[in-house]
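Right, one structure below, let's go through it.
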Amino acid sequence: MNMPAASAKHVAIIMDGNGRWAKKRMLPRAVGHQRGVEAVRRLVRGAREFGLEALTIYAFSTENWQRPEEEVSDLMGLMKKFIISDLEEMAENDIRLRIIGDYKAFSADVVKLIEDALARTAGNSGTILAVALNYGSLDEIARAAARAAQAGAITADSIEAHLDTAELPPLDLLIRTSGEVRLSNFLLWQAAYAELYFTDVLWPDFTADHLKQALEEFSGRERRYGGR
Ligand code: FPP
């Protein structure tokens, strides 16, 4: 089944390299994460501009709890600040916020901010911004399989229907920044037929132009889905 070159509808990003960006400049890691949030802002604007249906970003993994307490707390603080400062712009620009992962494990004030933001953008119909929070793919697949079993059918279709991403379009393109070449427990199921794109750019340096380059490369690739 050869598919003609098409534009990507759903792009996911592993935003890696904040720490190395800061280290190169002898700055604290927290500054790297702050600059990472600015890159997220550019990316969301780019996603709208390039007409993406969905953008999924890996903001906090189930493994990130193992980082030093101060860094976890910096990341939580940035998340809160981002929701407070950017929610209005997202709401006005028809962005629909979604969360994948078990965000209810976060502190009550973060959960409340997230739920208010979800409610505020629920009626929108534009680009979906899916933020992975306390997300791990193995955990997601196990939860989905358990629910599929409860529903009486452990098949690929029924597991897929119970994934956190069930309401998102199929994943077309998965990008990882900073030169690392692995999936790190992100969207393993969804990546079955996605195109993978790795770049050496560190996340805080990532711009809408970098996204455009990745989208252009995607459009030039031939997707065969196992056929020939
Ligand atoms: C990887 O860099 C990045 C993260 C673990 C977190 C990503 C989070 C943000 C960009 C900010 C918060 C997001 C939102 C939506 C407000 P790293 O620290 O692993 O970098 P390193 O591998 O160079 O050390």
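Counting starts at 1 for both ligands and their atoms, in listed order.
Considering backbone and side-chain atoms alike, R20 places an N or O below 3.5 Å from some N or O of ligand 1. Inclusion of D16 in the set of residues having an N or O under 3.5 Å from an N or O of ligand 1 is warranted.
Neither the backbone nor the side chain of E180 comes within 4.0 Å of ligand 1, counting heavy atoms alone. Under 4.0 angstrom from ligand 1, there are no non-hydrogen atoms of R41.
Residue M79 comes nearest to A59 through the heavy atom pair SD-CB, 4.3 Å, listed as atom of the first residue, atom of the second, then distance. Closest of all the heavy-atom pairs between N124 and A91 is ND2-O, 3.3 Å. Between A22 and R29, the shortest heavy-atom contact is CB-CA, 4.0 Å. Across all non-hydrogen atoms, the minimal contact from F60 to N64 is CA-OD1, 3.4 Å.
In summary, R221 and E217 engage in a salt bridge, as defined by a charged side-chain N under 4.0 Å from a carboxylate O. Taking 4.0 Å as the cut-off between side-chain N and carboxylate O, R45 and E89 count as a salt-bridged pair. We find that D86 and K81 are not joined by a salt bridge, their nearest charged nitrogen and carboxylate oxygen being 4.0 Å or further apart. Using a 4.0 Å cut-off between charged side-chain N and carboxylate O, D116 and K112 make a salt bridge. Looking at E180 and R20, a side-chain N of the basic residue comes within less than 4.0 Å of a carboxylate O on the acidic one, giving a salt bridge.
Among all protein heavy atoms, the one lying closest to atom 15 (C) of ligand 1 is I57 CD1, 3.9 Å. What sits closest to atom 10 (C) of ligand 1 on the protein, heavy atoms only, is N18 ND2, 3.6 Å. Looking only at protein heavy atoms, the nearest one to atom 11 (C) of ligand 1 is V37 CG2, 3.6 Å. The protein heavy atom nearest to atom 14 (C) of ligand 1 is M79 SD, 4.2 Å. Here the protein heavy atom with the shortest distance to atom 6 (C) of ligand 1 is A59 O, 3.6 Å. From the protein, the heavy atom lying nearest to atom 3 (C) of ligand 1 is M15 O, 3.0 Å.
A donor-acceptor contact under 3.5 angstrom links the side chains of E71 and H33, judged on distance only.
Set against the non-hydrogen atoms of G19, the atoms of ligand 1 under 4.0 Å away are 17 (P), 18 (O), 20 (O), 21 (P), 23 (O), 24 (O). Taking every non-hydrogen atom of R67 and a distance limit under 4.0 Å, the qualifying atoms of ligand 1 come out as 5 (C), 17 (P), 18 (O), 19 (O). Within ligand 1, counting atoms from 1 as listed, the ones closer than 4.0 Å to a heavy atom of F82 are 16 (C). Set against the non-hydrogen atoms of H33, the atoms of ligand 1 under 4.0 Å away are 18 (O). In the vicinity of R29, heavy-atom distances shorter than 4.0 Å reach the ligand 1 atoms 17 (P), 18 (O), 24 (O).
Assignment of G17 to the shell around ligand 1 is supported, since a heavy atom sits closer than 4.0 Å.
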